[in-house]
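Report on the structure given below.
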There are 2 protein chains.
Amino acid sequence: MVLTTDDLWHSPGFLIRRCQQITTAIFLEEASAYDFSPTQYSALAFIVMQPGVDQSTLGDCTALDRSSVTKCVERLEQRNFIKREICQADRRARRLYPTTEGEAMLVDLAAAADRARCRILAPLKPEERDTFLSTLQHLGDALNDQSRAPMQATSRLEDATAG
Amino acid sequence: MVLTTDDLWHSPGFLIRRCQQITTAIFLEEASAYDFSPTQYSALAFIVMQPGVDQSTLGDCTALDRSSVTKCVERLEQRNFIKREICQADRRARRLYPTTEGEAMLVDLAAAADRARCRILAPLKPEERDTFLSTLQHLGDALNDQSRAPMQATSRLEDATAG
DNA sequence: TGGAATTAGTTTGCATACTGAGCATTAGGT
DNA sequence: ACCTAATGCTCAGTATGCAAACTAATTCCA
């Protein structure tokens, strides 16, 4: 067996893991004043953008399994950024709505996320960025169903504004 | 505020997180017969390649903080894939050595890792792969010190074969 | 040489994220 | 209508990973 350290350091899994560590750290730093993780930010953002979304759809859109969604929205609810209501049409489901505080927080968080995004892409030449992001997107789409929490674009419930 | 779902889905942090979920899932699947995580594989691989390495250096090479290294090598030791010895030259440090089982296991794991690597890169055109990996590498290098567990190439102890 | 600072490792605590089991509710088929 | 699926969610258990506090050993330097 002829395995070298470079084989590991150059493997896609290792490199992607490294980049994820870094992007998480940068986001946490930019959002440190608000005590938000990238996942909590994604969840809150989706809830603000699609008020009334149910937890399963939120999980499908953010690539989180249902138990992770439960914990995530629990924390958001405890901190009064969202509220949860039993869906009348399907009482198993919980519809998620942002609070006023949640909407205000998202404004700050979006700014923090934008700062993080700039810092992350800073080392890349402008023309590299699109290629890089497209490739990541392509990879994620192509291998989506091999993940343990695949994304699904379709919403389970009718649009909240119609329900 | 004009935030759309696409803003989130196209952000580098989200895309990288997705790809990491996927690469981890693929590795776990390929290595399921051996019950190894990508991190445990990296650790075992480094220990086989650099027998006598200490835990801090292992952490520097695998981008793990020291408490994560402690847990990781603990599991490897419990499963009899490595052994740990107090370094005579510096009795604070623990030198890590693979066992015969560990070396044999790495052969199987390296094959599993290679299968994973192929599956991960499969959706990309051959010419895209190098660009993608180089960009990941470049990003990781450039932002290395912004991670919470930065990599450091330099070894803390003298080479084990010399000690 | 003595004492402060540094370093290696462990432990505890916390957040994240997945699995599998289980509960409540709804949907489908007869 | 009834009974079985399936679905939405929760809970317990487990693994990963980082921070902070701690112990033990070493280094630095006056």
Side-chain angles (χ1 to χ4, degrees), chain A residues 17-18 20-22 24-25 27-29 31-32 35-43 53-60 62-79 84-96 146-150 152 154-157, chain B residues 17-18 20-22 24-25 27-29 31-32 35-43 53-60 62-79 84-96 146-150 152 154-157:
Chain A
R17 173 178 164 277
R18 274 297 291 144
Q20 213 243 336
Q21 275 180 310
I22 289 166
T24 302
F27 184 96
L28 287 176
E29 197 176 304
S32 62
D35 192 27
F36 257 74
S37 70
T39 302
Q40 285 174 329
Y41 165 63
S42 297
V53 67
D54 66 301
Q55 293 186 191
S56 290
T57 304
L58 181 63
D60 291 342
T62 54
L64 274 182
D65 73 303
R66 50 211 175 137
S67 64
S68 301
V69 170
T70 297
K71 277 191 200 163
C72 183
V73 298
E74 207 170 69
R75 282 185 285 268
L76 290 176
E77 190 184 34
Q78 279 169 358
R79 294 171 65 191
R84 300 166 58 211
E85 288 178 8
I86 292 173
C87 175
Q88 291 310 315
D90 182 347
R91 304 222 313 284
R92 293 170 300 184
R94 309 296 160 105
R95 287 190 181 275
L96 308 170
Q146 308 196 26
S147 146
R148 294 184 291 177
Q152 288 171 11
T154 55
S155 174
R156 283 180 165 70
L157 296 174
Chain B
R17 173 178 164 277
R18 273 299 289 143
Q20 212 242 337
Q21 276 181 310
I22 289 166
T24 301
F27 184 96
L28 288 175
E29 197 176 303
S32 61
D35 193 26
F36 258 73
S37 69
T39 300
Q40 286 174 328
Y41 164 62
S42 297
V53 68
D54 66 301
Q55 293 187 191
S56 290
T57 304
L58 180 62
D60 291 341
T62 54
L64 275 182
D65 73 304
R66 38 199 189 154
S67 64
S68 301
V69 170
T70 296
K71 274 190 205 167
C72 184
V73 298
E74 206 170 68
R75 282 185 286 267
L76 289 176
E77 189 184 34
Q78 279 169 359
R79 293 171 66 191
R84 299 164 60 209
E85 288 178 6
I86 292 173
C87 175
Q88 292 310 315
D90 181 347
R91 303 222 314 284
R92 295 170 299 183
R94 311 296 160 107
R95 288 189 180 277
L96 307 170
Q146 308 197 23
S147 147
R148 293 183 291 177
Q152 288 170 14
T154 56
S155 175
R156 282 178 167 68
L157 296 176

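The structure presented is a predicted model; accordingly, all values stated were derived computationally and were not measured. Every chain is numbered from 1, with letters handed out A, B, ... down the list of sequences.
Between A:Gln88 atom CD and C:dT25 atom P there is a gap of 12 Å when expressed in whole angstrom units. With rounding to whole Å, B:Glu74 atom CD is found 13 Å from C:dT12 atom C1'. Straight-line distance from the CD atom of A:Gln55 to the P atom of D:dT7: 17 Å, rounded to whole Å. Across the protein-nucleic acid pair, B:Leu28 atom CG and C:dC18 atom P stand 11 Å apart, rounded to whole Å. Following rounding to the nearest Å, A:Asp54 (CG) and D:dT7 (C1') show an atom-to-atom distance of 11 Å. The interatomic distance linking B:Arg94 (CZ) with C:dT11 (C1') rounds to 13 Å, in whole Å. Between the CG atom of B:Leu58 and the C1' atom of C:dT10 there is a distance of 16 Å, given to the nearest Å. If you take CD of B:Glu29 and C1' of C:dT19, they are 15 Å apart, rounded to a whole angstrom.
Look at C:dT26: it lacks any Watson-Crick or wobble partner with both distances under 3.5 angstrom. Summarising the base pairing, D:dC11 is matched to C:dG20 through a Watson-Crick or G-U wobble pair whose two defining distances lie under 3.5 Å.
Under the 3.5 Å distance criterion, with hydrogens and angles disregarded, a donor-acceptor pair is assigned to the side chains of A:Thr57 and A:Asp54. Donor-acceptor pairing under 3.5 Å is recorded for the side chains of A:Gln21 and A:Arg18.
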Reading nucleotides 15-23 of chain D 5' to 3', which nucleotides get B (base under 4.0 Å from a protein heavy atom), which S (sugar-phosphate only), which -? -SBBB-B--
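By the 4.5 Å heavy-atom criterion applied to side chains, A:Arg66 and A:Gln55 are not counted as neighbours.
Among all heavy-atom pairs drawn from B:Leu28 and B:Phe36, the shortest one is CD2-O, 3.6 Å. Looking at every heavy atom in both residues, B:Ala25 comes nearest to A:Ser147 through CB-CA, 4.0 Å.
A donor and an acceptor atom sit less than 3.5 Å apart, one in the side chain of B:Arg92 and one in the base of C:dT7.
With its glycosidic angle within 90° of 0, D:dA5 adopts the syn conformation.
Remark: of the listed residues B:Arg84, B:Glu85, B:Glu77, B:Arg84 is the sole one forming a side chain to side chain contact (heavy atoms under 4.5 Å, CB included) with B:Leu96.
A sub-4.0 Å separation between OP1 or OP2 of D:dC11 and a side-chain N or O of A:Thr70 is absent.
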Dump the intermediate steps for side chain to side chain contact (heavy atoms under 4.5 Å, CB included) on B:Val53 and B:Arg95, then the final yes or no. CA-CA 5 Å; B:Val53 68; B:Arg95 288 189 180 277; over 6 Å; no
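Ranked by how close their nearest DNA chain C nucleotide is to the 5' end, A:Ala89 and A:Phe36 are led by A:Phe36.
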